[in-house]
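Input: a single structure, listed below in structure tokens.
Atoms considered below: every heavy atom in the structure, side chains included; atoms not considered: hydrogens, waters and symmetry mates. Here is how names work: the chains are called A, B, and so on, in the same order as the sequence lines, proteins then strands, and each is numbered from 1.
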Amino acid sequence: MFSESYEEETEEVRVEEEEKEIPSEIVFEAEAPKNLKPCMLLSVSYSGKKKTILCQLYNDENGKVYFWYDNTSHKPYCLTDIPNDEIIKNSHVINHKGFERIDLVDKYDLLRDKIIKMTKIVAKDPLSIGGRKGSIRELLPKAWEAKIKYHECYIYDMQLIPGMFYKIEEGNLVPYFSYQQSESNEEILSLFTEEDDQVKELAFKYIPIFQTPVPEIKRLALDIEVYTSTPNRIPDPREANDPVSCVALIGSDGLKRVLIFEYGELKKEEQNSNLPKDVKLEFYTSEKKLIEEIFKTILNYAVLITFNGDNFDLKYLWHRAKKLGISDRQIPIYLTKDAAMLAIGVHLDLYKFFHNKSIQVYAFMQKYKENTLDAVAEALLGEKKIQLNKYPSEMTPYELASYCYKDAELTYNLTTFDSSLIMKLIILFMRLSRMPMEDVCRLGISRWIQSLLYAIHREKNYLIPLPEEIPAIKGKTVTQAIIKGKKYKGAIVLEPTPGVYFSVAVLDFASLYPSIITRWNLSYETINCPHSECVENRVPNTTHWVCKKRKGIISSIIALFRDIRVKWYKPMSKNMSLPKFKRNWYNVVQQALKVFLNASYGVFGAENFAFYCPSMAESTTAIARYAITSTLNYAKEVSMTIIYGDTDSLFIHQPTQEQIELLLKWSHQNLGIDLDLDKRYRYITFSKLKKNYFGMLEDGSYDIKGLIGKKRNTPEFLKKAFMETISALSHVQNIKDFEEARYKIKKIIQECYNNLKDRRYSLVDLSFRVMLSKAVNYYVKTTPQHVKAAKLLQKFGVEIRSGDIISYVKVSGPLGVKPVRLSSIIEVDVEKYVEHMKTTFGQIMDALGINFDEVIGIKTLDDFN
DNA sequence: GCGGACTGCTTACCT
DNA sequence: ACAGGTAAGCAGTCCGCG
């Protein structure tokens, strides 16, 4: 039943998602007064009841949320290329019950580089434009800008910036932020005097976005537990058959409450709960009263924080409330297709936020690799959930309270650690993407960039192209990918020369792809532009060319983000003469920009991106290949020894300072892209494998890249032994020291081997932990080992879902695997594990000239020597 | 009917 | 639901073998 979401994802024809709107039966109100001091714009949505836009404003002084409804009579619309007089003849459109009027508008068509006339069809309500059967966009052969959600359309047209400050003056929403607000603004802007006018204009607009501080938002974290009669079943939130047994609430105002429903007999004798002293424990004999109390409390906060509240906690509360007969006017939650929203304030589901790949990779550098509260909290807070030896439904009320409270606490702390980093990042992402908080924390980077570009198009009166127009006009790809099934050729990886190298410098192009996009003026409209005079401006190794007449919109925005990050926010975040809170803020801005920059090339190669432009993505990697190969050739010319390189880096063996400087200068002058000295290794070891090495840096720290011993799914016993070998290697200062390291490593391997042979490792130490990327039934082509193990678990009555980590050991027998909990040490296939030892250690030993078979073939080290 | 060579699938990594 | 490139291990298939 839980696999349904996957089914929807793989559906070929997707059901048009309806405009998300607040249902008309929701009656909660928090209308703003006629005049209101500056408040942060938290959210923009469409109210079905008021039939207009609702803006939620957060007042930092009292922690309250105020509603402001649109008073400008803005209406939903779409555009068509059918002339006015012809549209008038189309009775279906004109007589559509939602039709309001038509306007004639001028738009700038970037794809064709000319002004065009369009007909704007204005409707009474969003669903009349699209999202419902027979809506206006379905009556037109081609409809532009018709799939933009109305609340987004409103944001772009009104040039609203969620996350910035607005006041209400005589009932009108007025921005309260300006270029003049911060004293540094002039200084930052002066960094852009050399740049193109379009970049300067963007800088002027964006500087306040980066410089305006964010308020500390009044928020509440919530976690619920549900009583279930079948202990190992996870309760189904849509059924909500079982009572809510416990709810923990933690507020930024100091509130700490745990509400317990006494469904059974309460053993009073057992009261020594692990709860902190200041937590208020409350017992309810009525579940209905308990839930009503939760709902009442939620309303006092601007943001409600959960971990997976969309799919569990709030969904369960909603269905349970209905079941218990709580009236709609008392339920402040409403459910959409895949989210749970609040009538007042915003529900922030941290599960969704941390699931975001860009956040995981670029903001937190893959510190957490599993998307559970336990894994994320451990990686970012250094704290774990309460470890269970029984199911929640088997706990005493006090144990349950402690467990539930801890989860809420971890959830809450995820928003407060590092001076509320997460909240600050989210608000910066809102400003950059122009999205309301509930969207920004649920959608991925491609939607953020899409939204940012929509906003710029509307501000500049550029027509937003139909997605299919871009490849049609700008051409398809002309290169062949190395990997089957990919669309175009990507990066170059140099073949490493195996061995150990002392004194290695790594030179790399700092943010190569964004640099290429700005330096080469790459943008969806400038690639293969319509001007014949630009055709000679070729992209190397392709048939594409780039416009010389017009500065690209994408390259302009990337130039701004890249330059402001490199020239201001990154250095300022490290400037120790500044107070800590300022450095902290500069660091947050710097990180937020990094997230956008790192995705700026990839999105153009993603089919689902609204500005998908394969020729532009392909050009970016083609130029990158040109940059690295031409630099490599020059390096060889000046007699440098390149031992490895990947995409944007060159590893050079014992270069002289002069050689390095020569190379940096060369790339600056000949490519217009800056090469930097990234790091120096005291020594580095390469096997014959690409993307695989171990290097000791000069400061005593080390890098492990790609080696099996570091992979998440490698059995713990191997990881441990591997880290011991790394430890031995980390003491090596010079060639002489290797002798000792070799001796130690042999010893480690022999010990590991003997332990394995004698079956002295535990099953947990021997287990592979592999993630199930989809529901078990969706593995139709092959049945990998972790799926076999998962199927065995299912037979045993264990619920298995997509995203679960399956722990299994390799055993003798026809299946070859068994889940850890269903296996025993006697059946473990030792030979298989020896093979794994061999490949794991082989990656390091190859370079050191140690032979695995020799090492394990000898009983003791004394015999060996 | 069997085993090695091969391709494809899957996961986890690198940039 | 940002991209392509690489490695590892296994699943499944093909092919030759009188």
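The CZ atom of A/F768 sits 13 Å away from the C1' atom of B/dT11 (whole-angstrom rounding). In this structure, A/N692 places its CG atom 10 Å from P of B/dT15, rounding to the nearest Å. With rounding to whole Å, A/Q366 atom CD is found 8 Å from B/dC13 atom C1'. Between A/F611 atom CZ and C/dA3 atom C1' there is a gap of 18 Å when expressed in whole angstrom units. Rounded to an integer number of Å, the gap from A/M616 CE to C/dA3 P is 14 Å. Taking atom CD1 on A/I482 and atom P on B/dG8, their separation rounds to 17 Å, with Å as the unit. A/K369 has its NZ atom 17 Å from the P atom of B/dT11, to the nearest Å. Taking atom NZ of A/K719 as the reference point, atom C1' of B/dC13 lies 13 Å away to the nearest angstrom.
Within the structure, every side-chain polar atom (N or O) of A/T647 is placed at least 4.0 Å from both OP1 and OP2 of B/dT15. Residue A/Y779 places none of its side-chain N or O atoms closer than 4.0 Å to OP1 or OP2 of B/dG8. Taking only side-chain nitrogens and oxygens, A/K690 comes nearer than 4.0 Å to OP1 or OP2 of C/dT6. An OP1 or OP2 oxygen of C/dG12 is reached within less than 4.0 angstrom by no side-chain nitrogen or oxygen of A/T782. Between A/K484 and B/dG8 there is a side-chain N or O to OP1 or OP2 distance below 4.0 Å. OP1 or OP2 of B/dT10 has not a single side-chain nitrogen or oxygen of A/H786 nearer than 4.0 Å. Note on A/Q843: a side-chain N or O is less than 4.0 Å away from OP1 or OP2 of C/dA8. A sub-4.0 Å separation between OP1 or OP2 of C/dA11 and a side-chain N or O of A/K788 is present. At least one side-chain nitrogen or oxygen of A/K705 sits closer than 4.0 Å to the OP1 or OP2 atom of B/dT15. Look at A/K810 and you'll find a side-chain N or O under 4.0 angstrom from OP1 or OP2 of C/dC10. Contact annotation: A/Y808 side-chain N/O to B/dT11 OP1/OP2 distance is not under 4.0 Å.
Backbone-only contact: A/Y488 has heavy atoms under 4.0 Å from sugar-phosphate atoms and none from a base. Among the protein residues, A/A617 comes within range of no part of the nucleic acid, since none of its heavy atoms lies under 4.0 Å from any strand. In this structure, A/G602 reaches the bases: a heavy-atom distance under 4.0 Å links it to at least one base atom across the strands shown. In this structure, A/S649 reaches neither bases nor backbone, as no heavy-atom distance under 4.0 Å exists between it and the strands shown. A/T839 comes within 4.0 angstrom of sugar-phosphate atoms only, judged by non-hydrogen atoms across all strands, and of no base. No engagement by A/F596 is indicated, since no non-hydrogen atom pair under 4.0 Å with the nucleic acid exists.
Heavy-atom distances to DNA chain C give each of A/A481 and A/A599 a nearest nucleotide, and the one nearer the 5′ end belongs to A/A599. Two residues, A/I492 and A/S600, neighbour DNA chain C, and the one matched to the more 5' nucleotide by heavy-atom proximity is A/S600.
Of the candidates C/dA3, C/dG4, C/dC10, the closest approach to any side-chain atom of A/K691 belongs to C/dG4. Distances were taken from every side-chain heavy atom of A/K357 (C-beta onward) to each of B/dA12, B/dC14, C/dA3; the shortest belongs to C/dA3. With distances taken from any side-chain atom of A/K832 to the nucleotides C/dC10, C/dC2, C/dA7, the minimum falls on C/dC10. When the nucleotides C/dG4, B/dA12, C/dT6 are ranked by their closest atom to the side chain of A/V493, C/dT6 comes out on top. Which of B/dA12, C/dC2, C/dT6 sits closest to the side chain of A/I483 comes down to C/dT6. When distances run from any side-chain atom of A/K487 to the nucleotides B/dC13, C/dG4, C/dG12, the shortest one goes to C/dG4. Distance from the side chain of A/K710 is smallest for B/dC14 among the nucleotides B/dC14, B/dA12, C/dC2. Relative to the side chain of A/S358, the nucleotides C/dA7, B/dC13, C/dC2 differ in distance, and C/dC2 lies closest. The side chain of A/K711 lies closest to B/dC13 when the candidates are B/dT10, C/dA3, B/dC13. In the set C/dA7, B/dC9, B/dT11, B/dC9 carries the atom at the smallest distance from any side-chain atom of A/K781.
Geometrically, A/K810 engages A/F768 in a cation-pi contact defined by less than 6.0 Å to the ring centre and at most 45° from the axis. Relative to the ring axis of A/Y779, A/K774 places its NZ or CZ within 45° and under 6.0 Å from the centre.
With contacts defined as side-chain heavy-atom distances shorter than 4.5 Å, the pair A/R562/A/S515 qualifies. When side chains are defined from C-beta on, A/I704 counts as touching A/M723, because their heavy atoms get closer than 4.5 Å. The shortest distance between side-chain heavy atoms of A/Q843 and A/Y693 does not fall below 4.5 Å. Here the side chains of A/M837 and A/I749 are in contact, with some heavy-atom distance below 4.5 Å.
Considering every non-hydrogen atom in both A/V506 and A/S649, the closest pair reads CG1-CB, 4.2 Å.
Residue side chain A/N608 reaches the base of C/dA1 through a donor-acceptor N/O pair under 3.5 Å, judged by distance alone.
The residues A/R769 and A/E716 are annotated as not salt-bridged, no charged nitrogen and carboxylate oxygen being separated by less than 4.0 angstrom.
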